Number of protein chains: 2
Amino acid sequence: MKLVYEKPGFLPALRELVRCNQAFERFSATHVRTLELTPPQFDVIATLGNTTGMTCGELGEKTLITKGTLTGVLDRLEERKLVSRRADITDARRTHIALTTLGEQMFARAFPAHLHHLSRAFDRLPPEQLKAMLSALAELRGAFEKELAA
Amino acid sequence: MKLVYEKPGFLPALRELVRCNQAFERFSATHVRTLELTPPQFDVIATLGNTTGMTCGELGEKTLITKGTLTGVLDRLEERKLVSRRADITDARRTHIALTTLGEQMFARAFPAHLHHLSRAFDRLPPEQLKAMLSALAELRGAFEKELAA
DNA sequence: TATTGTTATACTCTATAACTATA
DNA sequence: TATAGTTATAGAGTATAACAATA
């Protein structure tokens with residue numbers, strides 16, 4: 001029986017995905033660090049931006065940071081006065097996390113700057129290719145998530 | 001003047017890329033750890049597989065691991081007898097890294113297993129979409145690399 | 001003097017599991 | 001008893017820069 005990973009195009013696509021992934025991570029992380037944030041910290045700030053805040057659970061779901069790790073990331077952001085923690089009113093087990101005023105300033109500064117940085121690479125792609133990539137990526141992400149859940 | 005990141009399709013494509021990236025990382029790393037390797041360790045093993053070895057410099061270039069970090073990763077792999085270090089014959093400044101017999105066994109076991117794991121997600125995509133994604137990813141990676149170099 | 005790789009430092013993230021307090 | 005989040009532990013990667021040996 002033919003091995004599933006011998007499907008035509010699989011290996012090249014995979015190699016390309018891995019390389020693109022690495023290049024993107026590098027390209028993105030290098031810039032994030034110039035904003036004085038680590039990539040997970042940036043994710044948290046970006047996720048909290050333009051919201052009234054959320055619980056640790058929600059934040060962890062959106063950023064894919066597990067709870068134990070999230071506590072540490074939030075500790076460091078709280079220490080820098082970028083986020084605040086307060087107990088949830090209706091359920092005291094929950095902690096409500098939100099950007100402070102300083103955190104909002106950071107978001108307002110860092111988020112567009114980072115988008116702008118990334119756009120330098122995306123600008124090299126024609127719009128149709130962007131669209132094609134979008135649908136392929138969405139499909140692939142769905143596949144990853146289904147497989148992880150399975 | 002219109003902001004560059006307002007290019008139509010940029011934001012959705014970016015969001016999708018970030019999410020797909022995270023999903024892929026998670027999907028991949030979770031499995032790699034079951035093979036008793038960290039993602040950087042797997043990268044090193046996979047890069048050395050089916051070669052006669054290479055210098056730290058080459059290995060760092062291919063895996064995108066910086067030299068200081070690479071030393072640590074190699075230390076741990078060497079301790080587990082998966083890779084060997086020996087001085088280069090022609091240039092004693094260089095260290096030649098290669099898989100040991102045990103490392104080759106690890107490669108033979110881990111690499112196909114990981115491909116097989118990843119193929120579970122890729123199998124959900126029709127071949128044409130794979131092809132479309134491949135070209136988009138290749139283009140995008142080129143863009144990242146050019147921008148990083150710039 | 002330039003290059004290759006190692007060492008040193010300090011920090012951040014990571015997985016995992018036990019624990020506390022609420023519900 | 002189950003859930004939300006914290007604490008504890010141990011390890012691994014990261015950036016950065018100084019360093020040794022060699023070219």
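All chains are named by letter (A, B, ...) in the order of the sequence lines, taking the proteins before the strands, and each is independently numbered beginning at 1. Bear in mind the structure is a predicted one, so any value in this text is a computation, not a measurement.
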Is any side-chain N of the basic residue among D75(A) and R80(A) closer than 4.0 Å to the acidic one's carboxylate O? no
Is it true that a side-chain atom of S28(A) and a backbone atom of F24(A) form a donor plus acceptor pair closer than 3.5 Å? no
Count the heavy atoms belonging to other residues, nucleotides or ligands that lie under 6.0 Å from CG of N50(B), then report whether that count exceeds 12. no
Near DNA chain D, under 4.0 Å by heavy atom, which residues of residues 52-75 of chain A? T55(A), C56(A), G57(A), K67(A), G68(A), T71(A)
Ring-plane angle category for H114(B) and H31(B), please: parallel below 30°, perpendicular beyond 60°, tilted otherwise. parallel
Rounded to whole Å, how long is the line connecting atom CZ of R26(B) with atom P of dT14(C)? 10 Å
Decide yes or no for E78(A) and T100(A): does some side-chain heavy atom of the first lie under 4.5 Å from some side-chain heavy atom of the second? no
First-last contacting nucleotides on DNA chain D - partner chain B, under 4.0 angstrom, heavy atom: dA12(D) to dA23(D)
Identify which one of L59(B), L102(B), L99(B) satisfies the side-chain contact (heavy atoms from CB on, under 4.5 Å) criterion when paired with V83(B). L99(B)
Any donor-acceptor pair, under 3.5 Å, between the side chain of R94(B) and the base of dT4(C), if you only look at N and O atoms? no
Nearest listed nucleotide, side chain of T38(A), among dA15(C), dC13(C), dT6(C): dC13(C)
Within a strict 4.5 Å, meaning less than it, do heavy atoms of the Q41(A) and E36(A) side chains meet? no
Spacing of R93(B) atom CZ relative to dT6(C) atom P, expressed in whole Å: 14 Å
Using a heavy-atom distance cut-off of less than 4.0 Å, which residues of residues 76-91 of chain B contact DNA chain C? R85(B)
Ignoring hydrogens, what is the shortest heavy-atom contact between P39(B) and A29(B)? Give both atom names and the distance. CG-CB, 3.9 Å
Kindly say whether F122(B) contributes a backbone atom to a donor-acceptor pair with the side chain of S119(B) at under 3.5 angstrom? no
Heavy-atom donor-acceptor pair, H96(A) side chain to T52(A) backbone, under 3.5 Å: yes
